[in-house]
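This report refers to the structure that appears directly beneath it.
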Amino acid sequence: MGNRLEGKTAVVTGAGRGIGRATALLLAEEGASVVVNDLGCDVDGSGSSSDPADGTVEAIKSAGGNAVANYDNVATMEGGEAVIRSAVDSFGQVDVLVNSVGVLQDRMIYRMSPDEWDRVIRYNVKGTFTPTKFAAILFRQQRSGRVVNFTSDAGLGDIGRSNYAAASEAIIGLTRTVGRDLGRYGVTCNAISPLVETRLFPGSVEEFRVAEGPSPSPSERAGIGQSPPVSDWEGEGSEDDPANVAPLAVFLSTYAAPNVNCNVFGVRGGSIYLYSNPEIANAIHKWGTFTMAEMDELFPKIFGKGL
């Protein structure tokens with residue numbers, strides 16, 4: 001057991017399974033007391049069960065760690081406040097928040113219902129916002145804190161996932177803004193876009209949402225190219241294991257990198273990537289409003305080439 005987070009308290013939402021569970025286990029291994037939050041819902045957000053959260057707590061305690069379960073729905077304001085209050089009531093403080101809640105409901109845009117859109121936005125985006133809001137109140141008062149959000153590459157373009165893509169990009173924007181809101185108080189907020197095998201993505205890395213025909217892979221859409229093959233994988237798990245993401249999430253939860261803020265990282269098998277922030281690629285300037293004739297001439301020359 002390490003001691004990088006000895007004496008700290010971490011809240012991990014969606015910690016009953018997958019990446020959230022792996023992160024909660026490693027946080028506890030590094031000495032943190034952990035609030036394991038999980039509604040225990042299905043992939044589409046329906047239903048509930050205490051078993052996932054209880055299972056993670058049992059695993060932490062069996063390994064000699066300290067944890068309590070929480071079953072609140074953080075997609076509601078009441079749930080977001082309750083999970084942070086649970087940490088304060090149980091351990092007297094909150095130092096780390098890892099937002100790992102996510103649901104998925106795929107549908108082509110022309111078939112997507114309002115409920116399918118709203119459910120993914122509510123669980124993924126509001127489920128990240130609510131615990132962050134209430135943790136931020138404490139972080140600002142104590143002049144310290146760490147927030148780690150999980151997002152995805154869906155916002156770069158993924159067939160049949162307009163709701164999930166919108167939610168993923170919203171979480172990135174939220175991450176950058178929270179980091180700027182709270183950075184002056186010694187708080188950092190970063191995001192991780194993982195590609196592993198979970199309930200949301202049961203296929204292997206190579207099978208992940210690859211559409212029929214000449215469609216770019218998630219790594220190609222992200223501009224990072226194909227991950228190098230991991231031919232000599234050592235230890236437990238595999239390149240698809242959610243546990244591969246946990247070390248980065250836990251490192252960002254420590255105080256080892258106090259100036260790492262407002263960033264988005266990618267994890268692919270045995271590789272970690274830092275995504276660049278958007279930059280202006282080209283520009284046209286004019287004093288006054290462009291005419292349509294100017295648009296006809298200038299747009300193809302300046303922007304059209306290569307698009």
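Reckoned from all heavy atoms, side chains included, excluding hydrogens, waters and symmetry mates. This is a predicted model, so every value here is computed, not measured. In this chain, numbering begins with 1 at the start of the sequence shown.
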Drop me the distance from [X]'s [atom1] to [Y]'s [atom2], to the nearest 0.5 angstrom.
| X | Y | atom1 | atom2 | answer |
| --- | --- | --- | --- | --- |
| R111 | S162 | CZ | OG | 13.5 Å |
| E294 | T289 | CD | OG1 | 9.5 Å |
| I159 | M108 | CD1 | CE | 6.5 Å |
| W117 | N163 | CH2 | CG | 6.5 Å |
| I121 | D118 | CD1 | CG | 8.0 Å |
| D106 | E116 | CG | CD | 9.5 Å |

Counting N and O atoms only, with roles assigned by atom type, does the side chain of [X] sit under 3.5 Å from a partner on the main chain of [Y], one being a donor and the other an acceptor?
| X | Y | value |
| --- | --- | --- |
| D158 | A165 | no |
| E30 | L5 | no |
| S193 | D153 | yes |
| S86 | A82 | no |
| K133 | A136 | no |
| N124 | V103 | yes |
| N263 | N261 | yes |
| R146 | V96 | no |
| N244 | V267 | no |
| D95 | G145 | no |

At their closest point, which heavy atom of [X] faces which heavy atom of [Y], and how far apart are they?
| X | Y | result |
| --- | --- | --- |
| P194 | I19 | CG-CD1, 3.4 Å |
| S253 | V98 | OG-CG2, 4.0 Å |
| F134 | M77 | CE1-O, 3.5 Å |
| A257 | F251 | CB-CE2, 3.9 Å |
| N66 | S33 | ND2-OG, 3.3 Å |
| A53 | A69 | CB-CB, 4.1 Å |

**Report entry** Heavy-atom neighbours of R176 CZ exceed 12 at 6.0 Å
**Finding:**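 Count over threshold, so yes.
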Requested in this report: For atom CD of Q142, decide whether the heavy atoms of other residues, nucleotides or ligands shown that lie under 6.0 angstrom number more than 12.
Outcome: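 More than 12 heavy atoms, drawn from other residues, nucleotides or ligands, come within 6.0 Å of this atom.
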Side-chain heavy atoms under 4.5 angstrom apart, residues restricted to Ile, Leu, Val, Met, Phe, Trp, Tyr: same cluster for [X] and [Y]?
| X | Y | answer |
| --- | --- | --- |
| F129 | V94 | yes |
| L274 | V147 | no |
| L252 | L26 | yes |
| L104 | Y123 | yes |
| Y71 | V68 | no |

Query - Steps toward side-chain contact (heavy atoms from CB on, under 4.5 Å) verdict (V250, R4) - result: CA-CA 9 Å; V250 173; R4 292 173 180 82; 5.9 Å; no
Non-hydrogen side-chain atoms of [X] and [Y] separated by less than 4.5 Å:
| X | Y | answer |
| --- | --- | --- |
| K286 | T291 | yes |
| R21 | L25 | yes |
| L138 | V88 | yes |

Report task. With side-chain contact (heavy atoms from CB on, under 4.5 Å) as the test, would you mind laying out the steps for R107 and S113 before giving the verdict? Result -> CA-CA 8 Å; R107 195 81 66 194; S113 70; over 6 Å; no
Report task. Please list, chain by chain and in numerical order, all residues satisfying side-chain hydrogen bond (donor to acceptor under 3.5 Å, both in side chains) with R122, sequence neighbours excluded. Result ->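 R122 satisfies side-chain hydrogen bond (donor to acceptor under 3.5 Å, both in side chains) with no residue once adjacent residues are dropped.
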**Report entry** Qualifying residue, where the test is side chain to side chain contact (heavy atoms under 4.5 Å, CB included) with V36 and the options are V12, N70, I60
**Finding:**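 With V36 as partner, V12, N70, I60 yield a single side chain to side chain contact (heavy atoms under 4.5 Å, CB included), made by I60.
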Query raised in the report: Name the one of T151, V245, V260 that satisfies side chain to side chain contact (heavy atoms under 4.5 Å, CB included) with F265?
Result: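 Going through T151, V245, V260 one by one, the side chain to side chain contact (heavy atoms under 4.5 Å, CB included) with F265 is satisfied by V260 alone.
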Report task. Decide side-chain contact (heavy atoms from CB on, under 4.5 Å) for Y275 and I172; before the verdict, give the C-alpha distance in whole Å, the side-chain angles of both, and the deciding distance to 0.1 Å. Result -> CA-CA 11 Å; Y275 286 75; I172 292 174; over 6 Å; no
Between [X] and [Y]: side-chain donor-acceptor atoms closer than 3.5 Å:
| X | Y | value |
| --- | --- | --- |
| T13 | N37 | no |
| D38 | T56 | no |
| N149 | T128 | no |

